[in-house]
Amino acid sequence: MTKENIKIIISYLDKLFPDAKTELFYENEFQLLIAIIMSAQTTDKQVNKVNKVFFKVFKNPDDWLKLWQKNIENYIKTVWFYKTKAKNIYRTCEILYKNDLNNFSTVEKLQTLHWVGIKTAKVFLAITKNTQVLGVDTHVHRVLNRLWIVKTKSPLETDKKVEKILKKEDLSKLHHTLIFFWRYNCTARNPKCDLCDLKQICKYYKKVILIKNK
Ligand code: SF4
């Protein structure tokens with residue numbers, strides 16, 4: 001992928017989604033971290049539905065004292081893997097009860113919360129601190145591979161390579177525009193290629209969609 005084509009992709013996504021930002025519901029940074037933990041393998045829509053109720057009683061780490069793990073499970077049981085997530089939320093609260101969240105201001109520090117993976121850490125910091133990092137989930141990984149910005153086999157491999165390819169100053173905004181792009185345009189099944197201006201440079205379009213439609 002040439003630098004010129006990367007520029008074209010980034011400016012196209014910017015034009016498509018000038019106001020892209022997280023669609024997760026939260027009222028403070030602590031709640032955002034919890035919402036990102038909950039959003040693994042679950043849609044933002046479902047997480048928001050739960051959190052509009054859950055976050056009324058769960059505003060800061062002190063609330064774990066009142067709620068306990070079982071109660072957290074009850075609140076979030078419509079979210080995938082709710083038992084594991086309730087346990088991780090509970091453990092996060094135990095730590096953040098004694099340590100200010102602001103002390104976890106880098107990807108490395110956030111990952112010392114062992115259940116916070118690299119994607120969660122990057123998404124959180126990109127949103128709260130505008131840190132120039134790109135959180136790579138399976139969808140971001142898929143789109144970057146479709147466009148052939150990277151040629152990788154897993155989100156983790158993409159994560160390792162992509163920040164070396166893209167300009168640092170583009171990363172935090174790109175995280176949001178890519179998420180909007182896979183959610184609304186370059187969907188996993190039936191991407192809206194007919195409406196997409198990236199057809200001419202998209203490898204997936206040339207190698208899969210065009211051949212399928214012949
Ligand atoms: S042409 Fe299709 S597959 Fe390629 S980026 Fe656009 S929507 Fe996605």
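Every number for a ligand or one of its atoms is a count from 1 in the order of the listing.
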Colleague: Residue-level breakdown please: for Phe181 versus ligand 1, do any non-hydrogen atoms fall below 4.0 Å on the side chain, on the backbone, on both, or on neither?
Modeller: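 Side chain only.
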Colleague: Any idea how many protein N, O or S atoms are nearer than 2.8 Å to atom 2 (Fe) of ligand 1?
Modeller: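 Protein heteroatoms (N, O, S) closer than 2.8 Å to atom 2 (Fe) of ligand 1 number 1.
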Colleague: Could you measure the distance from the NZ atom of Lys87 to the CD1 atom of Ile72? Nearest 0.5 Å is fine.
Modeller: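 Result: 13.0 Å between the selected atoms.
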Colleague: If we ignore hydrogens and angles and just use 3.5 Å, is the side chain of Lys109 paired with the main-chain N or O of Thr106 as donor and acceptor?
Modeller: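 No, the answer is negative, given that no donor and acceptor are paired below the 3.5 Å cut-off.
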Colleague: With distance as the sole criterion, is a donor-acceptor pair present between the side chains of Asn88 and Arg91 under 3.5 Å?
Modeller: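 Distance-only check passes for Asn88 and Arg91.
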Colleague: Backbone N or O of Arg183 within a donor-acceptor pair of the Thr187 side chain at under 3.5 Å?
Modeller: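 Checked: no pair found.
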Colleague: Between Gln31 (side chain only) and Phe55 (backbone N and O only), is there a donor and an acceptor less than 3.5 Å apart?
Modeller: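 It does hold such a pair.
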Colleague: I'd like to check which ligand 1 atoms, numbered from 1 as shown, lie under 4.0 Å from a non-hydrogen atom of Leu147.
Modeller: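 Listed by number with element: 5 (S).
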Colleague: Kindly compute the distance separating OG1 (Thr78) from CZ (Phe54), expressed to the nearest 0.5 Å.
Modeller: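 Those atoms lie 11.0 Å apart.
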Colleague: Among Gln111, Glu163, His175, Gln132, which residue meets the side-chain contact (heavy atoms from CB on, under 4.5 Å) test with Lys122?
Modeller: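 The option that passes is Glu163.
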